[in-house]
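Here the structure is laid out as structure tokens; the discussion comes afterwards.
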Amino acid sequence: MLKLYVIRHAETEWNAQQRMQGWKDSPLTEAGRKHATLLHDRLRTIPFTAVYCSPSDRTKETAQIVLGQRDVPLYFDERLREIHLGHWEGKTIAEIAQMDERNHYHFYHEPDAYEPSVGETFFDVQHRAVAAIHHIAENHSNGHVLVVTHGVVIRTLLVYWKQQTMAELWKNSRVYGTSVTIASFNGQQWVVECESDISHLESELTHL
């Protein structure tokens with residue numbers, strides 16, 4: 001049995017400012033590093049055999065903190081990168097709502113209808129994210145594998161694993177920074193065992 005521990009990167013400066021990041025990047029906040037350290041403590045006894053990580057700096061730093069001194073093979077996969085948001089990247093959600101009202105509405109309310117002039121649709125992200133996890137499953141028939149990625153990627157994977165439609169993208173649990181989603185694969189079927197869990201942040205919940 002293969003078990004994937006899929007985590008979202010820790011909070012970044014742009015997350016705190018409600019700026020869209022996409023393929024751009026910003027450093028982890030002090031709170032983000034603290035949350036990643038708490039996740040390190042939570043997962044310290046899980047015998048990971050490999051780590052697959054988005055090549056963004058924010059996921060790399062999160063992975064380093066979560067792994068600590070463990071010597072585990074680390075692979076970077078472009079297919080785990082966040083959704084490409086084109087002209088939205090670096091802008092606040094409020095700014096985007098003003099400059100691109102129609103697409104902003106589709107993004108949050110009709111995700112299956114979201115079609116930017118520059119960037120990716122949610123279907124594009126799901127296509128490459130699913131290909132990435134199939135690649136992992138082909139190379140690891142059993143064991144525990146850590147996957148460090150992004151919020152939209154995780155949401156599209158949940159839609160795939162739960163056999164939902166893309167219109168249901170935002171109906172699942174909120175994907176907080178350092179949240180843990182566990183999905184197991186028996187060679188034929190995926191099962192979501194844990195969805196966007198942040199129990200390691202219990203002492204921090206009042207600040208989220």
Side-chain angles (χ1 to χ4, degrees), residues 1-19 21-82 129 132-133 135-137 139-140 142-158 161 172-185 190-208:
M1 179 80 74
L2 170 65
K3 189 169 288 193
L4 299 185
Y5 291 71
V6 185
I7 67 171
R8 184 188 175 195
H9 63 83
E11 181 191 68
T12 69
E13 291 181 1
W14 280 9
N15 287 150
Q17 297 167 13
Q18 292 195 318
R19 291 186 185 277
Q21 289 179 118
W23 286 10
K24 290 187 178 180
D25 232 325
S26 67
L28 298 189
T29 62
E30 182 179 345
R33 294 188 184 94
K34 180 179 180 181
H35 295 170
T37 300
L38 291 171
L39 182 58
H40 161 84
D41 296 342
R42 172 183 175 180
L43 300 179
R44 67 184 182 279
T45 61
I46 306 298
F48 292 119
T49 55
V51 181
Y52 287 80
C53 185
S54 156
S56 297
D57 288 345
R58 59 191 185 273
T59 43
K60 288 180 181 179
E61 185 176 359
T62 301
Q64 289 169 353
I65 296 171
V66 171
L67 285 175
Q69 300 302 311
R70 285 204 260 184
D71 185 18
V72 182
L74 175 60
Y75 306 97
F76 296 106
D77 193 329
E78 290 281 347
R79 295 171 295 188
L80 295 173
R81 192 183 286 275
E82 183 59 296
I133 63 165
H135 171 79
I136 295 170
N139 287 277
H140 306 273
N142 54 59
H144 303 78
V145 173
L146 180 65
V147 179
V148 188
T149 184
H150 305 266
V152 169
V153 173
I154 295 170
R155 284 188 176 280
T156 65
L157 285 174
L158 283 168
W161 285 328
N172 294 313
S173 302
R174 179 174 173 181
V175 183
Y176 287 103
T178 73
S179 63
V180 181
T181 294
I182 301 174
S184 59
F185 186 60
W190 289 96
V191 176
V192 176
E193 298 184 6
C194 169
E195 182 179 335
S196 305
D197 183 82
I198 51 171
S199 56
H200 56 288
L201 301 182
E202 187 173 350
S203 63
E204 302 287 306
L205 286 178
T206 55
H207 305 295
L208 292 177

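Worth saying up front: this structure is predicted, and the values here are computed from it rather than measured. Sequence positions, counted from 1, serve as the residue numbers for this chain.
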Is there a side-chain contact (heavy atoms from CB on, under 4.5 Å) between Arg79 and His135? Walk through the geometry before answering. CA-CA 10 Å; Arg79 295 171 295 188; His135 171 79; 3.5 Å; yes

Is the shortest distance from a Lys or Arg side-chain nitrogen in Asp25 or Lys60 to a carboxylate oxygen in the other one below 4.0 Å? no

Hey, are the side chains of His35 and Tyr176 touching, using non-hydrogen atoms and a 4.5 Å cut-off? no

Hey, mind stepping through Leu4 and Trp161 against side-chain contact (heavy atoms from CB on, under 4.5 Å) and telling me if it holds? CA-CA 12 Å; Leu4 299 185; Trp161 285 328; 4.3 Å; yes

Heavy-atom distance under 4.5 Å between the side chains of His9 and Asn15, does that happen here? yes

In this structure, OG of Ser203 is separated from NZ of Lys34 (nearest 0.5 Å) by 6.0 Å

If every non-hydrogen atom of Phe76 is compared with every non-hydrogen atom of Ser54, which pair is closest and at what distance? CD2-O, 3.9 Å

Report yes or no: do Glu82 and Ser56 form a side-chain donor-acceptor pair below 3.5 Å? no

Which atom pair, heavy atoms only, marks the closest approach of Val6 to Thr149? CG1-CG2, 3.8 Å

Rounded to the nearest 0.5 Å, what separation is found between the CZ atom of Arg42 and the CG atom of Leu201? 8.5 Å

Looking only at heavy atoms, which two atoms of Arg58 and Gly22 are closest? And how far apart? NH2-O, 2.9 Å

Would you confirm whether Ser184, through its side chain, and Leu2, through its main-chain N or O, come within 3.5 Å as a donor-acceptor pair? no

What residues form a side chain to side chain contact (heavy atoms under 4.5 Å, CB included) with Ala10, not counting sequence neighbours? Leu28, Ala36, Thr62, Thr178

Shortest non-hydrogen separation from Leu80 to Ala132 and the atoms involved: CD2-CB, 3.8 Å

Is the number of heavy atoms from other residues, nucleotides or ligands within 6.0 Å of CD (Gln18) greater than 12? no

Salt-bridge contact Arg81-Glu78 (side-chain N to carboxylate O under 4.0 Å): yes

From OG1 (Thr181) to CG (Asn172), nearest 0.5 Å: 9.5 Å

Looking at Arg8 and Val175, what are the two nearest heavy atoms and their distance? NH1-O, 2.8 Å

Straight-line distance of Met1 CE to Asn142 CG, nearest 0.5 Å: 10.0 Å

With a 4.5 Å limit on heavy-atom distance, are the side chains of Lys24 and Arg19 in contact? no

Is there side-chain contact between Ile136 and Phe185, with at least one heavy-atom pair below 4.5 Å? no

Side-chain donor-acceptor distances from residues 64-74 under 3.5 Å, at least two apart:
{"residue": "Arg70", "atom": "NH1", "partner": "Ile46", "partner atom": "O", "Å": "2.4"}
{"residue": "Arg70", "atom": "NH2", "partner": "Leu43", "partner atom": "O", "Å": "2.9"}

Kindly compute the distance separating CD (Glu11) from CD (Glu30), expressed to the nearest 0.5 Å. 10.5 Å

What distance do His200 atom NE2 and Ile198 atom CD1 have between them, rounded to the nearest 0.5 Å? 7.5 Å

According to the interplanar angle, ranging from 0 to 90°, do the rings of His140 and Tyr52 count as parallel (below 30°), tilted (30 to 60°) or perpendicular (above 60°)? perpendicular

For residues Val153 and Ala129, report the shortest heavy-atom separation together with the two atoms involved. CG1-CB, 3.8 Å

